[in-house]
Amino acid sequence: MTSSGAPLQAPIGTHDVLGPASAEWEGLIATFAQFAYRFGFSLIISPLFEDVAVFNRGIGEQSDVAKKEMYVFSDRSDRTYALRPEGTASVVRAFVQHQPNTPWKAWYVTPAFRYERPQAGRYRQHHQLGVEVLGTDDPAVDVEVIALAWRFYEALGLRKVRLLINSMGHDDCRDGFVQLLRDHLSSNASKLCDEHGRLWSENPLRVLDCKKEACRAVTDSGPQLPDHLCDECREHFDRVLNGLSALGISATRDPRLVRGFDYYTRTTFEFVSDSIDGAQNAIGGGGRYDKLAEQLGGKPASGIGFGSGIERLLLARTAEGVQQVLLKRDLDIFVVDTTGVDAATPIVDQLRRAGYAVDRAYDGRSMKAQMKVADKSGARLALLLGPQELAGGQITMKDLRNDDFSNSQRTFDLSDLVANIAKQLEE
RNA sequence: GUGGGCGUAGCUCAGUUGGUUAGAGCGCCAGGUUGUGGUCCUGGAGGCCGCGGGUUCGACCCCCGUCGCUCACCCCA
């Protein structure tokens, strides 16, 4: 279990994002930032690790994540921290700590860590982007948060996404339902699947989520969550459903949808991609958490949010064959210098200060070699500096996208450089 | 935590019933006379064949272990 001798590599279940993949990531994140901005959210950056209590009290000590998937560690002063396993708890902790004016709308993009066996669409470090709204329980906010996710997925080109939605109820009605469910499970415990036959009493709601036939049969015949909502919760849920419907967002009610964290109340929802085979088809999810701020030691404040896994969004995009380019980051100019006196450096600096994206070759390679690099860089223009140009105070500009080699370049005085480039790039 | 598949150059992969200097394509580097890219041609660099042990005269190939990758179960993003 040591790393001695073996070549260093990224830890199990983690990966480096580089090359074309990083451009896709950059585009995805930029797109989300744009949507968050349009919807009135501001970016929040909070610590990657928190006092372990933030997560234990947040997502629930009985949840699988808290029990066996968290990266917990002690620092040199023996404080116990955990790497964030999800995005919401930290944001709510920050809300409690700083007490910003409400409603408070924050968006984030962050790594999340869970100690699990990796497989397709599941990693020990994955990345989420999401939003949280605190300080209001207006159903219009539920609708807005879901709509943000929905419109974002649309912008990514995803078409095979389904929205599943449920209401967990609030305090009393939820607790009442759990009691009924507990009674039902208790008298049918022998019929449950192996795992839940043993564990149902720890967290009865989880049994609803079990996909095994045995558990399904038992829960089908038992109490149903939607039948036990109080009048207020029912009205809230109806307003959410109506609001979505008014926006043309179709939601499928799923009474079994309880989600993995204990903090959810009322609205819960999940986005699944029908293009992804296998179990990792949830590309996003979220819900309302009206007690979480209190659980983290703050004043009562309602909240709702959603998070989406970047890796799974990309998986879904690939599965759907989406070719859409989200972000173009082509270079404007590539500078080739064969003068031997590094004439490129001040030119490159001048052009970058003028706002152009500029790169150059290094190591004094041959003009042919530098031109090949220029070609591969994707730059629109190449600037050539050789002994001839140097002697005459000139520079040669070549349009790399012009197929006609003989007519693709011209030489002019260095003092006319920026003006000529501006003109050329306009075309 | 449990099970299946796989680990040969930077990447994708060949490698004949175990037999001598381990190959290809792509990429990379250098050339193809006079300072110029995308096609083409030539040459070159680059591999403890994941790691350790075993069987054998001899192992990339067979056996065991180990590490890693991958897929699935569980759960989730």
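Within every chain, numbering begins at 1; the chains are lettered A, B, ... in the order of the sequence lines, protein sequences first and strands thereafter.
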Hey, does the side-chain of Q280(A) have a donor or acceptor N/O within less than 3.5 Å of a partner on the base of C71(B)? no
With a distance cut-off below 6.0 Å to the six-membered ring centre and an angular limit of 45° from the axis, does R38(A) pair with F35(A) as a cation-pi contact? yes
When you measure from the side chain of K372(A), which nucleotide among G37(B), U36(B), A77(B) comes out closest? G37(B)
Reckon E86(A) touches a base, only the sugar-phosphate, or nothing at all at heavy-atom distances under 4.0 Å? nothing
Hey, does D337(A) reach any base, or is it just sugar-phosphate, or nothing, if we go heavy atoms under 4.0 Å? nothing
What nucleic acid atoms does E389(A) come within less than 4.0 Å of, heavy atoms only: base, sugar-phosphate, or nothing? base
Hey, are E294(A) and K291(A) close enough for a salt bridge, meaning a charged N less than 4.0 Å from a carboxylate O? yes
Figure out the OH/C1' separation between Y123(A) and U70(B), and round it to whole Å. 11 Å
Salt-bridge contact D363(A)-R365(A) (side-chain N to carboxylate O under 4.0 Å): no
Nearest-Å distance once atom C1' is located in both C60(B) and G50(B): 12 Å
Taking atom P in both G43(B) and G25(B), compute the distance separating them and give it to the nearest angstrom. 11 Å
Separation of Q119(A) atom CD from C74(B) atom C1', in whole Å? 9 Å
Say we look at G23(B) and A45(B): how far apart would their P atoms be, to the nearest angstrom? 13 Å
Identify the nucleotide, in any strand shown, that forms a Watson-Crick or G-U wobble pair with C6(B), with both distances under 3.5 Å; if there is none, say none. G68(B)
So does E270(A) pair up with R162(A), basic N to acidic O under 4.0 Å? no
Minimum-distance nucleotide (side-chain atoms of A369(A) versus A72(B), G37(B), A30(B)): A30(B)
Sugar-phosphate only, base, or nothing, as touched by E311(A) at under 4.0 Å among non-hydrogen atoms: nothing
Same-atom distance (C1') from C6(B) to C61(B), integer angstrom: 15 Å
For the C1' atoms, the ones on G65(B) and on A77(B), what distance do you get once it is rounded to whole angstrom? 36 Å
Could you tell me whether G130(A) contacts a base, only the sugar-phosphate backbone, or nothing, with contacts defined as non-hydrogen atoms closer than 4.0 Å? nothing
Mind checking if K376(A) touches a base, just sugar-phosphate, or nothing, with heavy atoms under 4.0 Å? sugar-phosphate
Partner nucleotide, any strand, of G44(B) [Watson-Crick/G-U, under 3.5 Å]: C28(B)
Watson-Crick or G-U counterpart of U39(B), or none if no pair lies under 3.5 Å: none
Regarding I12(A), tell me which of base, sugar-phosphate or nothing describes its non-hydrogen contacts under 4.0 Å with the strands shown. sugar-phosphate
Send over the distance from Q370(A) CD to G37(B) C1', rounded to a whole Å. 12 Å
H126(A) NE2 to C75(B) P, straight-line distance once rounded to whole Å: 17 Å
Could you state the atom-to-atom distance from CG of L18(A) to P of G27(B) in whole Å? 19 Å
Run the salt-bridge test on R360(A) and D342(A) with the 4.0 Å N-O cut-off and return the result as yes or no. yes
Report the distance from atom CD of E116(A) to atom P of U2(B), rounded to the nearest whole Å. 16 Å
Over all strands shown, is I283(A) touching base, sugar-phosphate only, or nothing at heavy-atom distances under 4.0 angstrom? sugar-phosphate
If pairing means Watson-Crick or G-U wobble with both distances under 3.5 Å, then the partner of C60(B) is none
Pair assignment for U34(B), Watson-Crick or G-U wobble, requiring both distances under 3.5 Å: none
Looking for any heavy atom pair under 4.0 Å, which part of the strands does A374(A) touch: base, sugar-phosphate only, or nothing? nothing
Using atom C1' of each nucleotide, how far apart are C64(B) and U55(B) to the nearest Å? 11 Å
d(CG, N281(A); P, A72(B)) in whole Å: 11 Å
Mind checking if R365(A) touches a base, just sugar-phosphate, or nothing, with heavy atoms under 4.0 Å? sugar-phosphate
Pair K105(A) + E144(A), salt bridge at N-O below 4.0 Å: yes
For G5(B) and A9(B), measure between their P atoms and round to the nearest Å. 22 Å
Between K368(A) and A379(A), who's closer to the 5' end of RNA chain B by nearest nucleotide? K368(A)
Does NZ or CZ of R124(A) fall inside the cone over F113(A)'s six-membered ring, less than 6.0 Å from its centre and within 45° of the axis? no
Starting at the 5' end of RNA chain B, which residue's closest nucleotide do you reach first, V373(A) or E270(A)? V373(A)
So which nucleotide does C73(B) pair with, by the Watson-Crick or G-U wobble rule with both distances under 3.5 Å? G1(B)
Quantified in whole Å, what is the P atom distance between nucleotide U16(B) and nucleotide C62(B)? 10 Å
Please lay out, stage by stage, how V336(A) and K398(A) fare under the test side chain to side chain contact (heavy atoms under 4.5 Å, CB included). CA-CA 11 Å; V336(A) 168; K398(A) 184 178 180 91; over 6 Å; no
Look through every strand shown and name the nucleotide pairing with U21(B) as Watson-Crick or G-U wobble, where both distances are under 3.5 Å. none
Distance, rounded to the nearest Å, where D399(A) contributes CG and G37(B) contributes C1': 12 Å
